[in-house]
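Right, one structure below, let's go through it.
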Amino acid sequence: MKKILFAIGTVVFALAVASCFSSKGGSNASGGEVTGVGGTSMSEPAPYGMVLVKRGSLKMGTEKTDSLWGKDVPTRDISVDAFWMDEKEVTNSMYRQFVYWVRDSIIRERLADPAYGGDESYKIEEDKYGEPVTPHLNWNKALPRNPDEDQERAMESVYTYHPVTGEKMLDVKQLNYRYEVFDYVMAAKRKYRLDPNERNLNTDFETDPNEVVMISKDTAYVDDDGIIHRETITRPLSSMWDFVNTYIVNVYPDTTCWINDFQNAENEVYMRLYFTHSNYNEYPVVGVNWEQANAFCNWRTDFLLKGLGPQAKFVQRYRLPTEAEWEFAARGKDGNELPWQQDGVSSDKGCFYANFKPDRGNYTKDGNLITSKTGIYSANSNGLYDMAGNVAEWTSTVYTEAGVLSMSDMNPTLTYNAAKEDPYALKKKSVRGGSWKDPESFIKSAWRSYEYQNVGRSFVGFRCVRSQVGTASKAKK
């Protein structure tokens, strides 16, 4: 009887185990066939203010020599994967949120720092190693503090006053944003593997376990005078931390670009009010250089991920578009030379399709003198506004005369993080789309131009993109 009960129990246990491993998503199936491990797919919701540009291909560039400048634009057939793109250019209002976040972060840090304040008696004395000197460890018990005074002191510390007019304004030199980026691309390259045996798969050559591999990385710090110092250091590869690049960027736009871009022009009102006055809230931000635009993308990513929980790891980061992505998106679904479907730059009734300079010296013929509110002209077939004119836009791609010819034909781009000591010519970044000050030739989707990465212009802005995760496969019919 005991043997019978034991046998029955063994059978029941075996059936229970089999049922566990043959359940949906398991690794075994009936008959021992491999069926794969199941999982839950995630349908990524449309990011706020973005539209999906579906994957596709195009002949990048133009085969026609530019009639105005005689420049040849390199051409190549390329393909790009799907990505989300801001339907409008980043506005003053959006960028001010970034600036105010940096301001408020500085205030929060100072409110949390017991050593911060205008009274020297509140400060903790430190030795040469940065450790507090013993007699001052219990300073907070000996010295009464007034929280209201501390709060006011911290809030006022990020402001300054004009030495002549007495106007209260943000102390823009303090508005520094620090962020770190792990370089997945460099870490993936075989020559930078931490394990020497993985650096060369050619078995004809013996691996040298003592080989010293040099790696370059970007780092930055702020000195005692508040000046940002950026350095590119080269050192022996030692750990994954060698692929972490640190950046510190002053985020306030260069509002003086309105003066420096146009000599002998009455643009003081734009310099003083364009970025700060609410009347310009929905206008594209300008005076933002390439480094600041990248910092905004990083902040926007962190701002989003903090509210997503565990799903955050599946969300791609905001970034600047590659030159190829930008042109592919601008041309629309039919690959037009200009973002709109019609020929020419205006309708039969004389209504212009974009904000640019139609005639020499006549900036207002299209209805605007400088920039215009984003989105007031019609969108292209991808649902994107102002892909021609208004402001030219930064891309992530380094500018070279060879252009796409020096890139892959799949998701092409070309990146180079120029070191401070590099020649200035290596700090050119591709700018696309033309602007409110440019003639018709410059607003064509294929037109290529550049600006230096540390220069903000009154006619250059940007928009962000995000790669789409897991685009759907389908058969071509």
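All of these numbers come straight from a predicted model, not from anything done at the bench.
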OG of S216 to CD1 of I233: how many Å apart, nearest 0.5 Å? 8.5 Å
ring-ring contact (aromatic ring centres under 6.0 Å, His included) partner of Y177, the single match among F98, Y100, W299, F303: F98
Got more than 12 heavy atoms from elsewhere within 6.0 Å of CZ, R272? no
Are the side chain of S381 and the backbone N or O of K333 linked by a donor-acceptor pair below 3.5 Å? yes
Could you verify whether a donor N or O on one side chain and an acceptor N or O on the other, from N390 and Y377, lie under 3.5 Å apart? no
I'd like to know if the side chain of T397 reaches the main chain of S430, judged simply by a donor and an acceptor atom lying under 3.5 Å from each other, with no hydrogens or angles considered. no
When you measure from the side chain of N260 to the backbone of T256, do you find a donor-acceptor pair of N or O atoms at a distance under 3.5 Å? yes
Would you call F275 and V285 a side-chain contact if the rule is heavy atoms closer than 4.5 Å? yes
Between A329 and V53, what is the shortest heavy-atom contact and its length? CB-CG2, 4.2 Å
When you measure from the side chain of K217 to the backbone of V244, do you find a donor-acceptor pair of N or O atoms at a distance under 3.5 Å? yes
Can you name the one residue among N294, T246, I248 that meets side-chain contact (heavy atoms from CB on, under 4.5 Å) with Y179? N294
Could you measure the distance from the OG atom of S458 to the CD1 atom of I259? Nearest 0.5 Å is fine. 10.0 Å
Can you see whether Y452 has K427 sitting over its ring - NZ or CZ less than 6.0 Å from the centre and within 45° of the normal? no
Looking at M271, I want to see if its CE is surrounded by more than 12 non-hydrogen atoms of other residues, nucleotides or ligands under 6.0 Å. yes
T364 versus N362, side-chain donor and acceptor atoms under 3.5 Å: yes
Let me see the working for R103 and Y159 under side-chain contact (heavy atoms from CB on, under 4.5 Å), right down to the final yes or no. CA-CA 10 Å; R103 176 202 64 184; Y159 288 89; 3.2 Å; yes
Tell me whether D218 contacts the main-chain N or O of Y247 through its side chain, where contact means a donor paired with an acceptor under 3.5 Å. no
Any idea which heavy atoms bring A388 and I443 closest together, and the distance? CB-O, 3.5 Å
Check against side-chain contact (heavy atoms from CB on, under 4.5 Å), F459 and E451: CA-CA 11 Å; F459 45 85; E451 291 293 341; 3.6 Å; yes
Between D81 and M410, is there a donor-acceptor pair closer than 3.5 Å when you use the side chain of the first and the backbone of the second? no
Counting distance only, does the side-chain N/O of Q468 pair as donor-acceptor with the main-chain N or O of W84 below 3.5 Å? no
Separation of T415 OG1 from N417 CG (nearest 0.5 Å): 6.5 Å
Would W258 and Y274 count as a ring-ring contact (aromatic ring centres under 6.0 Å, His included) if you check the C-alpha gap in whole Å, the side-chain angles of each, and the deciding distance to 0.1 Å? CA-CA 9 Å; W258 291 103; Y274 182 84; 5.2 Å; yes
If you measure only the distance, is there a donor-acceptor pair under 3.5 Å linking the side chains of Y318 and D86? no
Roughly how far, to the nearest 0.5 Å, is NZ of K54 from CG of N382? 10.0 Å
Any Q292 side-chain heavy atom under 4.5 Å of F462 side chain: no
Just wondering, do P412 and V80 contact through their side chains at under 4.5 Å, heavy atoms? yes
Once you measure the plane-to-plane angle for Y399 and Y450, does it fall in the parallel (<30°), tilted (30-60°) or perpendicular (>60°) bin? tilted
Test E327 against R448 for side-chain contact (heavy atoms from CB on, under 4.5 Å), laying out the working first. CA-CA 10 Å; E327 183 175 332; R448 305 177 68 238; 5.8 Å; no
Using atom types as modelled and distance alone, determine if a side-chain donor or acceptor of D223 lies under 3.5 Å from a backbone N or O of D225. yes
Could you walk me through whether L175 and I106 pass side-chain contact (heavy atoms from CB on, under 4.5 Å), step by step? CA-CA 8 Å; L175 300 180; I106 295 172; 4.2 Å; yes
Search all heavy atoms of E89 against all heavy atoms of P284 and return the closest pair with its distance. OE1-CB, 3.7 Å
Looking only at heavy atoms, which two atoms of R457 and D261 are closest? And how far apart? NH1-OD1, 2.8 Å
Given side chains that start at C-beta, do those of R331 and M387 come closer than 4.5 Å, heavy atoms only? no
Can you check whether V222 reaches H229 side chain to side chain, under 4.5 Å on heavy atoms? no
Decide yes or no for M169 and T276: does some side-chain heavy atom of the first lie under 4.5 Å from some side-chain heavy atom of the second? no
Does a side-chain N-to-carboxylate-O contact under 4.0 Å join E401 and K428? no
V158 versus D171: any side-chain heavy-atom pair under 4.5 Å? no
Is a side-chain N or O of D242 found less than 3.5 angstrom from the main chain of S239, in a donor-acceptor match? yes
Working to the nearest 0.5 angstrom, can you tell me the gap between L369 CG and T371 OG1? 9.0 Å
More than 12 non-hydrogen atoms from neighbouring residues, nucleotides or ligands closer than 6.0 Å to OH on Y424, yes or no? yes
Which residue pairs pass the side-chain hydrogen bond (donor to acceptor under 3.5 Å, both in side chains) test when at least one of the two sits in residues 277-291, sequence neighbours left out? R96-N281, E291-Q453
Taking every heavy atom of N250 against every heavy atom of N176, the minimum-distance pair comes out as ND2-OD1, 3.1 Å
Determine the minimum heavy-atom distance between G456 and C257, stating which atoms define it. O-CB, 3.7 Å
Is the shortest heavy-atom distance from the side chain of Y270 to the side chain of F262 under 4.5 Å? no
Quick one: do D302 and R317 make a salt bridge, cutoff under 4.0 Å? yes
Where the side chain of S467 meets the backbone of Q316, is there a donor-acceptor pair that is under 3.5 Å apart? no
Mind checking what makes ring-ring contact (aromatic ring centres under 6.0 Å, His included) contact with W340, not counting sequence neighbours? Y353
Modelled atom types, side-chain donor and acceptor of S396 and R319, under 3.5 Å: no
If you measure from OH on Y192 to CD1 on I215, what distance do you get to the nearest 0.5 Å? 4.5 Å
Under 4.0 Å between a side-chain nitrogen and a carboxylate oxygen: does that hold for K88 and D386? no
Of D438, V345, N368, which meets side-chain contact (heavy atoms from CB on, under 4.5 Å) against F356? V345
